[in-house]
Structure formats: C-alpha cells, structure tokens
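I have placed the structure first, in the form of structure tokens, so that the comments after it can refer back to it.
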Amino acid sequence: MVIPNWLGKKDENPTELSFQNEKLRALSRPVDRLAAAIIDIFVVLMPIYLLLIATVRMRLTTSVLLGSLIGIFVYFILHVLIGLVLVVVYQSYMHWKFGATVGKFILNLRVRTIWSNTNPEYATAVKRSLVWLVEMLFVGVPFLAIFTNSQRRILHDRICDTEVISLKEMGVLPPRRAERVAAYTFAVFGLFMTVALYGGMLVSLGSSGSDSELAALLATEDGRCQEVSLALDATADDKGQKDPNRMQTAMSLYAAGIVEKSCLAGETERELDVEFNGSPLAYLAKAFVHSEDADVSDAYLEQVCKEGPGTPECSMSELVTRWSEEDWPGVEAVISHAPIGSVYLEIWAIRHFMKQGEYAKALAYVERISPNRLVGSFLQSQRVKALWKTGQEKEAVVAAAQAMETLTSSEQLHLASWVCFEQLTTSCSASPSAACSWVKKQTAEGRLDLSEAKIGLAELRVQECQNAEAVDYASFADNSDDESWKVFLSASSKEAKSDRESASTLFMEVVKGSEAAEDLRLEAMRRFLRVSKTADVLAMITVWREMDRGELWRESGHLLLSSLAQKNEKLAALKVGRDLMRRNVLSDDGMKVLASLLKASSADSRLPASVGVGEKVKKLLEASDDESEGKAPPAEASPKSDKAAPMSSERE
Amino acid sequence: MIIPILQGLVSWSKAPVTWMIVLLNVVVLHLSLGFGQEASDELDALMDKDYFVETQGRAYAQYLAEQSPARYPRFLLSLADHVLEGQRDRVNLLGQLAFRDKDFLEEAPITNFKGDQVAFKYWKSKLKWSKHVQESHPSFILGLNADDFSLSKWVTYIFIHSGWIHLVGNMLFLLIFGAFLERQIGGLALLVVFVLSGVLGAGVFAVVTGVTTSPLVGASGAVSGVMTLYCVLNWKKPARFVYWLFLPVRGYMGLIYLPAWVSLAMWFAADLAGYLSSVPELGGVAHTAHLGGELAGVVAGLIVFAVRRLLKLPSHSSMHSPDEDKVIGVLYPFLPPEPVRKAAV
C-alpha cells in the first residue's frame, strides 16, 4: 500500500500475491478514465437518477413555490442522498461483480486489486466509491493525482489498494515531468476554486441569514410596515394605549416624508386585500401608492369620495386632483374648507404653503398640529424654515437649537445645513452660529456629503466664509460623481479667480441643467447674477421662462427681479414681475421692488392715490404690458407651454 | 452527447411527405408569428404589469378558498391560503397560475370579490380585453385549449409551434426518423401515423394532465409517435448515432451503433421522469403528449407487424444507403474517417 491504510484493514499476506498477466496490467490512459466517467454519469446514471428523483423533484418545486423552507431543505437533502446512494450502489456493485462500470467496459478498463489482480471485494468497492465521492467534493482536484502518481493511481485507488488497468494493447507510460508540473498547477488552482466555492457558500448563507433578520426588522409577520408599528409604539400613552388607526398614522408619516411608498403599500394591502376593509382612507392611500399610474390613481381618488363623501379623505382626494392640475388657488380652497382633524391633510397643507412661499400660513398650520410626536421631526424642521422665511430669524435659530436636541443625526445634518446655508447665503457674518459650527464640525471630521445639494452647499459656504481664497474646489469636486456639481464648483473656482466671464457661462450651464438638484440650480442662479454683465442677465430671462413653474422658478424669478431692478432694467424687471404675478407667487418683497421701480414712472401719476401698492403694481404692469406689446425679443414671445406636470410627479 | 445521423436529409424525392410536413410547419409558424406578433406583445405587456397579475392572484385566492379541496392540487390551495393570510410574495405567482384555470376565468367576471374594488374593476376590464386579444392569436385559433375542444383542433395543434427553437427541435427529429420511416412504410402511412400520434398525444394529455386555457401546441406528440414506430419496426437493429465525449481528442468522437430499443427506452424514461417531476399547473413541456405519441407509435408498430404477418409481406431492412454516407462527411467533418464508415456501409 502506498499510503497508510487508515480507512480499512490491511490485506493479509500481500507478498504471496502473484502477477500472472503483466499485459493486462497496462496503465490506463487518463483520457480513457475521464471518458468512462462521462459515460457513467451522463449516459447511465443520469436517466436512472432523473427517474428516481422525479417525485422528489416535483415536491421540491412545490416547496419552492410555497416558500416552505422545511420542504425545500428535506427534498433537497433527499435529492442529494438519492444521488449519493445511486452512485455508491452502481459503482460498487459493478466493480465488485464485473470489475468495471459501463463506461469502463466501453473504454476497455478494469478495476483490479493490486495484490491479487482480481475484482475488488464488495467492502473495498464500497469504500472506493465513498472516497470517490469525497474527491468530488473537492471539485475533483484529487483526481489530478493521475498525472503525478507513478502508477497513475488516484487517491481512491491508493486507499483501497486498487488500480485501473487498460485491456488495450497500448497502455500509457508513467507521468512525465511536464504532466506533474501541469497537475500541480491545476491542483493549486483547483484548491483555490474549492476554497472560493465553499467560502462563497458560507458567505451567502451568512448573508441570507442577515437578510432575513433585516426583513424581519422591516416587516412584521402580518406584512404590515414595521416603521408604522414603531411610530405607534413610540407615541403610545402612559397606559400603553395606541392609536388604533394605523392607516391614519401611515398616511401622516408618508405625508411628512418619514416613510417610503412601500410602507404605505404594505399597510393598504393589509387593510384592503387581507382584512377587506374598504375604507375611504385605504383607497386614498392606494391612490398615493399608484401615483405613477395616473389612470389607476385617479380611479382610487374617485372611489374615496364614493366610499365617504364629505370626509377629510374626500377633501384630500380633491386636493390631490387640484395639486396635480397645479390649481393652487383650488388647493388652498380645499384646505380651507376641509374638515379639521386629519393630521395628514394638515401636513399636506404645510407642504403646499411652503411650496408656494406662503410661509406665514405654513407656520400657522405647523403651530396648529404641534405638538405631534408622530411627525415631530417634520414639524420642527418646517417650523424653523417657516420662521426664517417670515423674517423671524432669531426665533428660527432658537427653534433650530431646540430641534437639534430631539432629531436623529441625519435630520440634524439636514436642518443645521439648511439654517447655516440660509445664514450664509448673502453674507458671512453668521459664520460662527451654532448651526454652522455643527456643519463645520462635520466638515472637519471629513464627512463631506454632496449627495444632497443643501448639505453640500452649506459645507461649501462655511469654507468660503472661513477663507474664500483657500477653498479647494477641486477636492470638493472629487467627493461627487454629479456632473452638475463639478460644473458648479468649477464656476465657483473661476469666480474666486475673478474670471467672471467663464464663471457666468458655467453658472448658466448649471441653471439650465434640468437634471441638477433645484437647490444647486438656485444657488447657481444667485452666483450667476452676482458675476454676470447686464446682457447676460437679460439672456437669463429666456432660460428662466423655460423652467418648470415650481419652487425653483419662483425663487429664481425673485432673484432675477431684484438683480434687474438693481441694474435699472425696468422693462425686463416688469416682465419678470408680471410673470410672477400672473402665477400669484409674487412675494411682498417682490411687490415692493416693483413698486419702487415704478415710483418715478409717469404711469404712476395716472392712478388715484387711494389705490394700494399691490393694486397699483398690478395696474401698472397691465399698462406696461400694453406698452411693451410686440417689443419682446423672439424667445420671450414664445415661452414654453405652462402645461401642468403629471400628477404623479407632484405627489412624490 | 449523442446525436442521431440525419438520414432524412439525404433526398427530397425519397421522403416527400416528411419534407412536406416540415415545410407546412415552417410556413404555419412563419405566418403565425407575423399575424400574432401584435397580440403577443399586448399580452406580454399585460402579464408584466404587476398590478393586473397581483389583483388576479388575490381574486384567484378568494376563488380557490370557496372551491372543494378535491378539485385542486394541495399546493395551489396552500398558495391561496398564504395569499389570503397576507403573504405578498406569493400573489404574483398565484396570479400567473390563474391564467390556466378556465373555470375561474369564466366565473371571475360575474363574481363579487371582497377587498379592493377599484383593483377588481380594473382587472375585470383588462381580463375581458385580454381574452379578446388572446382569441385573435394564431396559437389560440389552432392550438388545443380548454375553450375549444372541437375535433379540428386535435389535428391543427400539431402544425403550430411557439417559436423557432420549438419548431427546429421537433422537425429535426421528424426528418431523422420520418424520412427513414417513409421509405419503410410509405408516405401515406407515415402521414396517418404522424397525425394519429398527435391526436392520441393530445388525448393522453387531456386525460392525464388536463387541457387548460393555455393552448397546447407543437408536433412533439406526433413526432414521438413517428420515432417510436421507427424503433418498434427496427427494434433490434442498431441505429447510427454520432457521439462526442466532450474531449477534443481523436477517438473520443465518432459513430456509435445503439439498438433502437435502447433509444426508445431512453425517450420513454426521459418523458416519464419529466411527467413525474413536473407540476402540471406550471405548464411547460407536455410530457404526457409525448407519452401518448409513444403509445400511438407502439400500437402502430404492432398493427404493421400484424398486417405484415397476415399479408405475408417482406419487411424493408435497408438501414443505410451510400447516399447517407456522402453527406455524413459534410455534416460531421470532425469524425474519424474510413474505418467506421466502411463498417457502416
């Protein structure tokens, strides 16, 4: 025996055995043995195996369809076991009885014991087959021994004291050096593959375990949204009583942007498809879930009012319809007439007023809902923003400081960045504020985040205010893959180097880029107006008019108006003001700018003194419309259609 | 890998009926793909729409819960229970399976389902539309389906395939065995065997597996009959196969002669294993139609033997012609040349 006999008993009196027919002991060719194995596996065993496991396979399929882990495990094990038993029975019986499998017969190979030159004993044949299976577990690497062993005996032959001989006239010589080298090379590669295979299996098992844990964390057993359950737990009163209406909670959380649409989908499906509770609220939630399919969403909105006319849900469905049509006065009318008491509706009211720049009204709604622990973080953030925008900057800073104590770190970052950016927008005087210190701390710790425009802009402004000349715009750009950011930073760099013309061109490029974040485009507009000549600013009017009529359009319109007024471009400023006014989004400050522009105008004298500023501006604008009729440049004469954006995008 | 020699490719004149059947199948598939493309695209788009399929799944779950357990397989009822309990990940699967249930699809439009009424209204309207579109599809017009059991469908289904791969697979084997068989029993007899095997295949499929709203199409049952008849008539004669043992070494590819009964046993085992391991509700290969065709082939073989014995007719026994060997060289250039082929001739 070549290697220690650690699997079985040693043959007795091996020295007495004789080698009667040396010709029959020709070494088998490796390719013959491979071909024999292929015949055995694919021609003989495979059809038998497929028949044997047919019913097990069917049950395994149904277990997979049902998601039954126990079934999958049991039938998979049965699959493997049947295969192993088949291989062992086939190989051992054939070797013991005939000294060859079907494949070996065809290739004229025989298995013989090395001592007696006979068919192996049954026990030896079984042992040989078992070792063969173990070798297969190592992706066949041990089979490479056929290229290294001088007798071309593989591990199973050496352990069982057998060899495979060829009955062909020409056998094969012992392995040459080149064969050995190649075999060792392949063995190393094979062992690496084995480790990779089993390592990969272990890793995937581990990750599937953690995936299921994650899934369990995110979804409760009944398919409902875990985040809603957590919110309800957090807001349960001292007696442990929870708000029983999960749908109300889910809708409020969704309106506040705290949960995703998938969470709402889980809740509505449970409500409608499992508990069959076709409430107006459930249908309303479905309308949000299917907001990307306008027809389906509209059908749900219709159903809401059929199920509960006059309910807050019906009002909300009307609000959504008007929102999608961009009928902002209509939205406001629905809000003012809606029944009181639905938190989600009031959150949508806040979002509407913030979007329309009616911050005082938004603040009133924030105060109306507060304190609400469910959507506390949303309300705190909106309160800070509304206070700031209504000119109550000190109150906003105090509110922000209070909010920072309760918000999560992500929410803190957002709020601090927002406040800091607003503080530093026009001047660097507020640089040492608490919000900016917080942002600075984040920046110092190397946590630059350009994924959200406002956060990135706050960080940038903090650095610019610290030392404008030392800002490394290039390293900032390295933190982002966003092309718009790169262009913006390049423009800012040019501005820092007083290359105003290049900066102006690049900033305009960012403003035009419809795929860039709105906050970034607005800041680009601000910087563009700072560096550009009058002619460029006038050209920007065309770009501005082609923008979608949203928050960005309103805010950048006001910036444009102020800039034109400063440059004493009265006619252009009036046109911008007229566009803003037609959309009912001209702010009081904008109104004042227009009024001051028209103060010295001769048209002013045509109006009676009793007419208010707003009314006066309106009438003067109308007069200026008549005067400027036909004088507008071609691009302005054909502004882009103001067709409403699809409802789905608005509802996101 | 073992591939039978393409004996039928040798000559058009020696196997005109086989070639006509092949051409007919090719023409029908070409026309059906042209006419049915729009309907196929529309139906595919609908099937891809989760909202439609999942609503159907929820409706089917409610429907199954009301049915007698004996009517449906256990796994389908378990699936419905899972869906009704709120397992979202099984809804789509159940919705897909519902397409095959004729009774459900007939009763669904007049059934009031509980739950999301908007979704059910949408689904019912789309279902009606999809049925209309499906009925205009050539596979539905020619294929055997639960909505139309007329006798003509039992024949027409043989001549329409689901795609080129399906067609090539079937026609290849028809050429290999049909052409040879045609020389043995004549063109008319081959045509009769081909059609009757298809009919019996459909019969066995209808009885054992059950016809659904998804049409049964393809000549595989008929081709199985032809192949089986070939094996029965030549049961102890070796058939010539090309083999290749995946080794690019001389001597590991070549011609091999296997007795015809071995081939028959292997096909039968494969179809039996396929039938036993498949879940009928999932569709796929119609193994029972193959088995029906094989049964038809065996019966036809016995009839041929009986007729020969009664009329004392000689049997045709020419296995290989020199013509075939000419084309083998073209078709299988990698074969070791002379020794094997000489033996064959």
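Being a predicted model, the structure only gives us computed values, none of them experimental. FYI, side chains are in, hydrogens and waters are out, and symmetry mates aren't considered; it's all heavy atoms of this structure. Convention: sequence-line order gives letters A, B, ...; per-chain numbering from 1.
Side-chain atoms of A:S68 never come within 3.5 Å of backbone atoms of A:V64 as a donor-acceptor pair (strictly under, hydrogens ignored). Judged by distance alone, with hydrogens and angles left aside, the side-chain atoms of A:D40 form a donor-acceptor pair with the main-chain N or O of A:G103 at under 3.5 Å. Between the side chain of A:S297 and the main chain of A:A287, a donor-acceptor pair closer than 3.5 Å is present. Between the side chain of B:R58 and the backbone N or O of B:D116 there is no donor-acceptor pair closer than 3.5 Å.
When heavy atoms are compared at a cutoff of 4.5 Å, A:A37 does not approach chain B at all. If you measure heavy-atom distances from B:L93 to chain A, the contacts under 4.5 Å come from the side chain alone. Only the backbone of B:S278 comes within contact range of chain A, judged by heavy atoms closer than 4.5 Å. Contacts of B:A269 with chain A are made by both backbone and side-chain atoms, with heavy-atom separations under 4.5 Å. For a residue to count as touching a neighbouring chain, one of its non-hydrogen atoms must lie under 4.5 Å from one of that chain's; by this rule B:Q62 touches chain A with the side chain only. The part of B:Y122 that comes within reach of chain A is its side chain, from C-beta onward, which places non-hydrogen atoms under 4.5 angstrom from that chain. Neither the backbone nor the side chain of B:F113 comes within less than 4.5 Å of any heavy atom of chain A. In this structure, the portions of B:A119 lying under 4.5 Å from any heavy atom of chain A include both its backbone and its side chain.
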Determine whether B:Y63 and B:D101 satisfy the following criterion, side-chain hydrogen bond (donor to acceptor under 3.5 Å, both in side chains), listing intermediate values before the conclusion. CA-CA 11 Å; B:Y63 174 82; B:D101 190 337; 4.9 Å; no

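When A:L52, A:L65, A:T62 are compared by the number of non-hydrogen pairs under 4.5 Å with chain B, A:L65 comes out ahead. Ranked by heavy-atom pairs shorter than 4.5 Å toward chain B, the options A:S63, A:G67, A:P47, A:G278 are led by A:G67. Here A:D273 is the residue among A:T61, A:L50, A:N277, A:D273 with the most heavy-atom pairs under 4.5 Å with chain B. Contact count versus chain B (heavy atoms, under 4.5 Å) is highest, among A:E269, A:K306, A:R57, for A:E269.
A salt bridge links A:D293 with B:K49: the distance from a Lys NZ or Arg NE/NH1/NH2 to an Asp or Glu carboxylate oxygen falls below 4.0 Å.
Residues A:E260 and A:Y254 fail the side-chain proximity criterion, which asks for heavy atoms closer than 4.5 Å.
Cation-pi geometry between B:K126 and B:W129 is met: under 6.0 angstrom from the ring centre, within 45 degrees of the axis.
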